[in-house]
Amino acid sequence: MDILHIIVLALIQGITEFLPISSSGHLLLPKGLLGWPEQGLAFDVAVHVGTLIAVMSYFRKDIILILTDWFASLIGRGHTENSRLAWYIALATIPAGMAGLLFDDFIEAHLRTTLVIALTTIIFGVLLGFADRSSDHTTKQMAEITITIALIIGCAQALALIPGTSRSGITITAALFCGLSRHSAARFSFLLSIPVILLSGGYKTIQLLSLPSVNWGDLFLGVILSAISAFICIHYFMKFISQIGMMPFVIYRLLLGGFLLIWTFM
């Protein structure tokens with residue numbers, strides 16, 4: 001890959017992975033508009049490693065507390081808010097994992113098209129808008145998440161396998177409809193992304209081992225750029241989300257989806 005391609009694609013992945021605007025929709029643009037080649041499996045693994053580093057670095061204190069209390073609960077020291085959260089994250093990960101095993105090949109073969117991405121970008125953008133409007137007076141915090149709420153968000157996350165949906169977008173949408181505040185919805189969505197990225201990254205790494213040769217320099221640059229851009233993105237998203245809400249992202253999704261629709265039928 002050219003150095004320009006590496007920089008642009010890594011930044012796109014890092015920025016769009018955690019914003020509710022669909023990374024798959026944005027990764028279509030360099031290929032379709034500029035004729036760039038597919039980024040390939042190896043680079044895809046690299047940028048996902050970068051985003052994983054970013055989210056685990058940002059939430060490192062939360063992760064340590066969650067895991068510490070979870071392990072303590074396993075040896076009979078009782079449950080805390082953090083240990084329950086660990087179980088809820090694990091529970092909410094199951095639907096996406098099962099859906100990935102069952103439908104990944106079908107989705108890759110039939111749904112990774114510009115039309116599908118355009119429609120899902122618009123449809124789930126509108127749904128995010130309705131969820132955001134309904135959240136104006138909600139104050140439910142992470143400690144108030146229940147098994148039912150975790151399962152609803154987990155089932156919503158499974159829909160993110162459909163290109164254009166946006167994993168963070170659909171999980172935040174579900175969390176808002178369940179009554180969580182914007183900040184709590186985003187925080188749970190980002191924590192929930194960790195096992196999903198680990199699972200998908202692990203699966204792709206196994207596939208990567210079968211490749212004859214890998215340009216490790218390109219991959220390292222992809223990891224660094226995606227990690228830095230994703231970390232900055234998470235930081236500012238969490239800092240301002242309670243004030244700005246989701247409507248700027250809804251409008252952006254509608255514009256992007258409309259552009260992709262026009263492009264599809266040109």
Side-chain angles (χ1 to χ4, degrees), residues 15-26 51 55 58-59 62 85 88-89 91-96 99 111 116-197 230 233-261:
I15 293 170
T16 60
E17 177 70 25
F18 295 108
L19 292 181
I21 55 176
S22 170
S23 60
S24 55
H26 289 80
T51 55
V55 70
Y58 188 85
F59 290 104
D62 300 74
L85 183 58
Y88 292 155
I89 290 172
L91 182 66
T93 302
I94 293 173
L111 299 184
V116 169
I117 292 174
L119 292 175
T120 52
T121 298
I122 293 171
I123 292 169
F124 289 108
V126 171
L127 197 61
L128 176 62
F130 280 117
D132 190 58
R133 289 291 298 273
S134 72
S135 71
D136 286 340
H137 305 291
T138 57
T139 58
K140 192 175 291 184
Q141 302 301 308
M142 292 265 287
E144 299 174 79
I145 291 176
T146 63
I147 291 177
T148 301
I149 291 175
L151 277 174
I152 290 172
I153 297 172
C155 290
Q157 181 172 238
L159 293 175
L161 292 170
I162 304 172
T165 302
S166 171
R167 194 212 60 82
S168 63
I170 194 64
T171 51
I172 290 173
T173 296
L176 291 176
F177 274 131
C178 288
L180 268 69
S181 68
R182 292 179 180 126
H183 190 272
S184 295
R187 183 167 169 245
F188 187 73
S189 171
F190 291 158
L191 289 171
L192 187 57
S193 73
I194 294 172
V196 169
I197 297 175
C233 179
I234 294 170
H235 173 74
Y236 284 104
F237 186 83
M238 294 300 297
K239 187 174 182 179
F240 295 113
I241 190 58
S242 296
Q243 287 75 38
I244 66 174
M246 298 293 168
M247 290 312 296
F249 304 106
V250 172
I251 294 170
Y252 182 80
R253 285 184 70 120
L254 296 180
L255 292 173
L256 175 63
F259 173 77
L260 292 174
L261 273 181

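A quick note: this is a predicted structure, and the numbers were derived from the prediction, not measured.
- Aromatic rings from Phe190 and Phe237 are positioned such that their centres are separated by under 6.0 Å.
- No side-chain heavy atom of Arg253 sits under 4.5 Å from any side-chain heavy atom of Leu256.
- Between Tyr88 and Leu192, every side-chain heavy-atom pair lies at or beyond the 4.5 Å cut-off.
- No side-chain heavy atom of Ile145 sits less than 4.5 Å from a side-chain heavy atom of Lys140.
- Arg187 places no side-chain N or O within 3.5 Å of a backbone atom of Met238 that could act as its donor or acceptor partner.
- Looking only at distances, a side-chain donor or acceptor of Ser168 sits under 3.5 Å from a matching main-chain atom of Leu19.
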Acceptor/donor pairs from residues 179-186 side chains to any protein atom, 3.5 angstrom cut, sequence neighbours excluded:
from: Ser181; atom 1: OG; to: Ser184; atom 2: N; distance (Å): 3.2
from: Ser181; atom 1: OG; to: Ser184; atom 2: OG; distance (Å): 3.1
from: Arg182; atom 1: NE; to: Asp132; atom 2: OD1; distance (Å): 2.7
from: Arg182; atom 1: NH2; to: Asp132; atom 2: OD1; distance (Å): 3.4
from: Arg182; atom 1: NH2; to: Asp136; atom 2: OD1; distance (Å): 3.0
from: Ser184; atom 1: OG; to: Gln141; atom 2: OE1; distance (Å): 3.1

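- At least one side-chain heavy atom of Thr173 sits under 4.5 Å from a side-chain heavy atom of Phe177.
- Proximity of Ser193 to Phe18: side-chain heavy atoms (C-beta onward) are separated by under 4.5 Å at one or more points.
- From Phe188, atom CZ reaches atom CD1 of Ile172 across 12.0 Å, with rounding to the nearest 0.5 Å.
- Formation of a donor-acceptor pair under 3.5 Å by the Thr120 side chain with backbone atoms of Pro163 is found in this model.
- With no hydrogens or angles considered, a side-chain donor-acceptor pair links Arg167 and Ser189 at under 3.5 Å.
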